[in-house]
Every structure is written in structure tokens, then in C-alpha cells.
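Beneath this line is the structure, given in C-alpha cells, with notes to follow.
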Amino acid sequence: MTRVLVTGSAGFIGFHTASKLLQRGATVLGVDNFSDYYDPALKEARNDILSNHPNFKVARVSIDDMEAFGAAWAEFQPDVVIHLAAQAGVRYSIDAPESYVAANLIGTFNVLELARRHATKHLLAASTSSVYGANTDMPFTETQRTATPLSFYAATKGATELMGHSYAHLYKVPTTFFRFFTVYGPWGRPDMALFKFTRGILAGEPIDIYNNGQMVRDFTYVDDLAESIVKLTEAVPGTVPVEGDSLSPVAPFRTVNIGAGRQTQLMDYIGEIERALGKQAIKNFMPMQQGDVPATEASSALLKALTGYAPATPPSAGVPAFIDWYLAHYRN
Ligand SMILES: O=C(O)[C@H]1O[C@H](OP(=O)(O)OP(=O)(O)OC[C@H]2O[C@@H](n3ccc(=O)[nH]c3=O)[C@H](O)[C@@H]2O)[C@H](O)[C@@H](O)[C@@H]1O
């Protein structure tokens, strides 16, 4: 049975990924520091669900604490490592850039170093659609240049991809970096649009809509994302590229978009929330925020070539699923 270490297991994406791995018969060690970037009670609630599974254990350590993290890793002896712990959020990186250095740069360095020491069979790590920065050629393909990040968050994520490439080249650890496209769904992050809008609409408070609503996102439903991640664990970067591959010519390393390949207007996304709640939002239109990008769209061709799978759930199905969860979880 595969032994998988998942960093950020109490986070939104880590929770869904660990759940799916457990359902598929893996033994999982979650690593999480339960940071208070948002309400840790939500992280504890996710962790409680994972902890009901006999093949799950959690180590409450920070990935930037090499000693504690290294000890947990050495004791568990994973075959595969899925690195999802990060300081996320585009707009928060304007206010607190230093937290991105600790979690993303130092934390990822520790992951790479431990993967090298333990000769991990496949290291998979989270990057972001934000690395496409100022690119305007859509859909975004993995072979495009990513040298124009617009936020420090995107810059740190892009840096982790480069760090990962050098380690894959030097020490031959097969490495896959995912680029996630605005992931949403049940158990979502309270700092993201869907959660903020839902909370605001229910409270009868105005919601802030950036760039006057002139925003486009390739919204990716979290269960489709977790399915993609689990399938990609089997797609170990080797030496033979597939069609349209981003495989490095000098390292067992590739980047892969995980997105639906479908653009949704922000105002249509808000419309889905209003419909699911049966309540209109009070809309506070605002200017573009520092660091934000106006539009994203993934090419999912490489993901499909590697796994035979691509995300397909539309916001008309995914948003109501979030609302059902939200109302049940916060009904008191
Ligand atoms: O996939 C990505 O690259 C990124 O997706 C999200 O970033 P974002 O696209 O900003 O996701 P949301 O917070 O859900 O925002 C969706 C849209 O709503 C807008 N928005 C967000 C929040 C808000 O209060 N008002 C508002 O209009 C944003 O500007 C954006 O256009 C995540 O927060 C990042 O961690 C991730 O790396």
C-alpha cells in the first residue's frame, strides 16, 4: 500500500486530497501547523474527519521547522510526497510578504532537501495559475514563459518551481509541480471569493467586487482537483515526453495545469451564489486590486494526456455544493 505524506493536510486542498487518497487505500501522514491565517477551527474540523480514518495520522509541525518536519518524515518513510502547505492568497501577499518567504521558500526548500535525502519516488507540489502573471495568450499552456509575476505570492510560487527543477536535475527526484486555477468548493478557504461572498450575502452586508466585476476565472471544483492530483501521482516524470509536454530536457521534472479550461465571468459566479442562496447580494464595486490578474484560463491538454482525465464540474453544480456545505457547517 502506498505511503503518502501530504503537507498542508488540514488546509482546503490538502484535506480533499488526503480524503481521496485514504478512500483509494493509501496510508497518509498529514503534516500541518494549523496556522491562524484563517480560523484554525475550520482546519481542526477538517482534521477531525481525516482522523476518523484508521490509515491517517497527523504531525502538527511547521514545514519551516526542519528538525521537527524531518523527524516526522523519517519516521513515516513515505513513497510519495504531495506538498500543499503554503502561504496562499494573492492579495494578502501585499500586506504580509514575509509570511510567503517562510512558508513557501523555506518550507519548500525543506521539502526538497528531505525528498533528496530520502530518495522520494515522486514529489508533487502546488504552484499556481498566478505564475502566468502578465501573460495574455489564453489558454495558458505550461510551456509559456512565466517570468512576469504580478504579486509576491506568484513570485514565491514561481521560485519554488525553479528550486524544484534544480533539485530534480541534481538529485534525480522525479518532481511534478501543479498549477492550480482558482479552486473552490466545500470546506473552502474563508479568504477566497466564494466564502466571503456567501458570508456577506447571508449577513446582508455589501460584498466587495474587484475591478467592477470585470474579472474572468477558470474556476476549478475541488473534487475534480483532488482527482487530478491522485491520478498525477501515477504519472511519474521520466524521460519520454507526451504530446505537449512541459517535461524538462535535463531533469525528471514537469509542471501541469489543473484547471477546467473554461472561463467564467465573476458576475456569473456571483449569480450562481445568489441563485443557490435565494438572496441577492448588495454589491460594492471596487477598482482592480494590487497583484490581481484580470483573467485566467487553463489548457488542460497536458493533464488529459498524462491522466486521461480533466476537471469538468461547472460552477452551476460546484457553487450549490459549496452552499449546501456552508449552510450545514455554519447552521448554528
Ligand atoms: O488559482 C490561483 O492562481 C489562485 O486562486 C485564488 O486566487 P483568486 O483567483 O484571487 O481567487 P478568489 O479569491 O476566489 O477570487 C476570485 C475572483 O473574485 C475576485 N474577488 C475576490 C475576493 C473579493 O472579496 N472580491 C472579489 O471580487 C478576485 O479578484 C478574483 O477575480 C487563490 O486565492 C490563490 O491562492 C490561488 O493561487
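Whatever order the structure lists them in is the order used to number ligands and atoms, beginning at 1.
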Write out the protein residues near ligand 1, meaning a non-hydrogen atom under 4.0 Å from one of its atoms, in order of chain and number.
A88, G89, V90, R91, T128, S129, S130, Y153, F180, F181, T182, R189, M192, A193, K196, F197, D208, I209, Y210, M215, R217, L266, D292
Residues two or more places apart in sequence or in another chain: which of them pass side-chain contact (heavy atoms from CB on, under 4.5 Å) with V216?
Q263, Q265, A295
Flag the pair K20 and E227 as a salt bridge only when some basic side-chain nitrogen lies within less than 4.0 angstrom of an acidic carboxylate oxygen.
yes
Those residues that, when tested against Y37, pass ring pair (Phe, Tyr, Trp, His ring centres under 6.0 Å) (two or more places apart):
Y92
Parallel, tilted or perpendicular for W325 and F322, by the 30°/60° rule?
tilted
What residues, two or more places apart in sequence or in another chain, satisfy side-chain hydrogen bond (donor to acceptor under 3.5 Å, both in side chains) together with T128?
S130
State which residue, out of D79, T233, V173, V236, fulfils the side-chain contact (heavy atoms from CB on, under 4.5 Å) condition with K121.
D79
